[in-house]
Amino acid sequence: MDSFLIRGGHRLKGTIEISGSKNSALPIMAAILMTEGKTTLKGVPRLLDIDSMTRLLVELGCQVHRHEPADPGTVVGPALNGPLDIEVADERQCEARYEIVRTMRASICVLGPLLGKRGKAVVSLPGGCAIGDRPVDLHVRGLKKLGAEFRVENGNIIGEVRGRLKGCRMYLGGALGPTVLGTINVMCAAALAEGETVLVGAACEPEVSDCAEMLNKMGAQIKGHGTPEIRIEGVDKLHGTEHRVIPDRIECGTFMIAAAITNGELELKHCNLDHLIAVTDRLEEVGVKIERKDGSVIVSAARRINAVEMTTQPYPGFPTDLQAQLMALLCLSDGISVVTERIFPDRFLHVGELNRMGAGVRKEGPTAIIQGVRELQGANVMASDLRASAALVLAGMVAKGTTRIDRVYHIDRGYEKIEQKLAAVGAQIERVKEEKALGSLSAVA
Ligand code: EPU
């Protein structure tokens with residue numbers, strides 16, 4: 001497993017191109033299972049999770065082809081990625097096997113499309129993960145309301161439809177609010193159901209809207225996406241289309257924090273700041289300067305930041321996927337900050353690692369109390385999940401000395417070429433293959 005070696009203390013300055021959204025691309029790829037004819041996706045990032053979804057779609061009878069990039073000389077940025085063609089060739093296979101599901105929980109996205117189109121789905125139950133329990137009861141509840149029948153057998157969830165799914169009005173919220181992938185699963189299945197479905201308590205995340213937009217281009221009739229009430233008039237079939245996935249708002253937010261934590265200045269290109277309104281609000285509150293330019297944003301911070309309170313919430317609130325990264329920044333604030341996690345109350349594995357770097361974070365239930373310190377120190381730390389790993393990269397870039405982050409495959413799941421993007425704007429960060437990582441830290445002298 002690779003590691004990162006980071007030598008802290010370098011201000012970031014320059015331009016970074018934001019990649020297409022992982023969390024948009026994954027369910028969108030799964031939704032293509034419902035179509036006839038070829039779909040071409042643009043802006044799909046090159047990531048481990050995208051590779052896993054590709055493998056899953058191939059097992060489910062799709063032909064997937066990645067075109068060569070328009071400009072093969074480009075190291076990072078959208079030109080790195082040629083379009084992705086996906087076409088269903090064989091509809092007989094309906095199983096998402098444990099071997100793939102265990103590497104990527106988003107495999108659950110195939111449940112709704114398979115039931116809607118093939119009438120059967122066998123998906124290995126995802127189980128818990130580093131950020132806490134990840135139940136799929138709301139996905140199942142919604143699909144049952146459309147008429148699917150479910151049973152659990154040998155760790156698999158097996159769904160079947162007699163005849164065709166039937167639209168209805170349903171409430172989709174759960175104890176911790178709406179579900180993003182659950183909304184997408186039910187919305188996909190309802191797109192091919194008979195009659196009208198109304199999803200009340202739907203997730204409003206931009207990734208839900210992006211999927212709805214693509215389905216509409218394929219012939220679906222979906223309205224109200226982006227609001228808590230989505231209306232879907234079922235259609236008989238969906239056809240192939242061309243679609244560009246939205247920019248990755250979490251990658252963008254991570255680099256905004258990278259500019260702030262290093263007292264640097266970054267221009268982030270190809271982003272949509274409208275998707276980051278709560279993040280912009282919190283960053284401006286702590287003293288970060290954010291200037292919009294056409295399709296890009298310039299982020300800078302010239303001094304020590306203020307402490308702040310923040311609670312993660314469903315969109316348009318502050319995203320849970322940026323909680324760890326903001327916490328890394330707040331570790332260096334002037335005062336005491338309070339961060340409460342309302343989406344995944346156990347998503348705090350980064351706290352112990354940040355404290356190993358000299359941070360002053362105390363956890364009380366779903367809340368972390370952060371006493372700002374003047375500096376962090378480099379240490380050997382362990383990446384535990386995707387966003388926690390990003391927080392450690394941020395902390396490492398500002399810590400005194402060298403930080404070694406082990407198990408960076410977590411970060412490879414969701415950040416495209418992060419070390420190359422950061423190195424290009426002045427970070428001293430190097431990927432070290434397993435054997436070398438066990439050796440000397442002088443690799444980043
Ligand atoms: N929940 C239930 N029952 C369900 C589904 C969800 O109780 O059937 C609970 C969850 O346990 C959680 C809350 O509802 O407490 C919200 O979970 P949600 O279903 O919205 O999460 P998700 O759809 O599985 C997506 C992203 C996550 C992101 C969350 C929240 C993808 C592939 N994953 O997961 O992204 O944290 O929405 O915004 O889109 C990441 O990228 O690092 C990541 C974890």
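Values in this document were obtained by computation on a predicted structure and should not be read as measured data. Order of appearance sets the numbers: ligands from 1, and atoms from 1 within every ligand.
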Practice task
Give yes if a backbone or side-chain nitrogen or oxygen of E205 is under 3.5 Å from a nitrogen or oxygen of ligand 1, and no if not.
Solution key: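 Not met; the criterion fails.
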
Exercise for the section: Flag L176 as yes when one of its N or O atoms lies below 3.5 Å from any N or O atom of ligand 1, and as no otherwise. Expected result: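 N/O-N/O distance below 3.5 Å does not exist for this pair.
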
Exercise for the section: Kindly indicate whether atom 9 (C) of ligand 1 is approached by any protein heavy atom to under 4.0 angstrom. Expected result: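 It does not: no protein heavy atom is found less than 4.0 Å away from atom 9 (C) of ligand 1.
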
Exercise for the section: May I ask which of N23, I108, I343 has a heavy atom nearer to atom 26 (C) of ligand 1 than the others do? Expected result: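 Answer by nearest heavy atom: N23.
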
Handout entry: Minimal non-hydrogen separation, K42 against P83, with atom names
Key =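 Smallest interatomic distance, heavy atoms only, reads CG-CB, 4.3 Å.
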
Is the shortest side-chain N to carboxylate O distance from [X] to [Y] below 4.0 Å?
X    : Y    : result
D51  : R66  : no
K38  : E242 : no
R292 : D274 : yes
E17  : K269 : no
R151 : E149 : no

Heavy-atom side-chain contact between [X] and [Y] under 4.5 Å:
X    : Y    : result
V88  : Q63  : no
L41  : V44  : yes
I370 : V338 : no

Would you mind telling me if ligand 1 is within reach of the side chain of [X], the backbone, both or neither, using heavy atoms under 4.0 Å?
X    : answer
I250 : neither
D321 : side chain
K22  : side chain

Nearest neighbour in protein (non-hydrogen) for [atom]:
atom                    : value
atom 2 (C) of ligand 1  : P135 CG, 3.5 Å
atom 42 (O) of ligand 1 : R387 NE, 2.9 Å
atom 20 (O) of ligand 1 : V180 N, 2.8 Å
atom 24 (O) of ligand 1 : R134 NH2, 3.2 Å
atom 44 (C) of ligand 1 : R347 NH2, 3.5 Å
atom 17 (O) of ligand 1 : F344 CZ, 3.8 Å
atom 30 (C) of ligand 1 : T320 CG2, 3.8 Å
atom 23 (O) of ligand 1 : L181 N, 2.8 Å

Exercise for the section: Flag yes if more than 12 heavy atoms outside I369 fall under 6.0 Å of its CD1 atom; otherwise flag no. Expected result: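 It does: I369 CD1 has more than 12 such atoms within range.
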
Exercise for the section: Within a distance under 4.0 Å of any heavy atom of L386, pick out the atoms of ligand 1 and give their elements. Expected result: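 With L386 as reference, the close atoms of ligand 1 come out as 42 (O).
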
Exercise for the section: Taking only heavy atoms of A106 into account, list the atoms of ligand 1 that are under 4.0 Å away from them. Expected result: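 Under 4.0 Å from A106, ligand 1 has these atoms: 32 (C).
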
Practice task
Pick out which of V393, L394, V398 makes a side-chain contact (heavy atoms from CB on, under 4.5 Å) with I6.
Solution key: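 When side-chain contact (heavy atoms from CB on, under 4.5 Å) is applied between I6 and each of V393, L394, V398, only V393 qualifies.
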
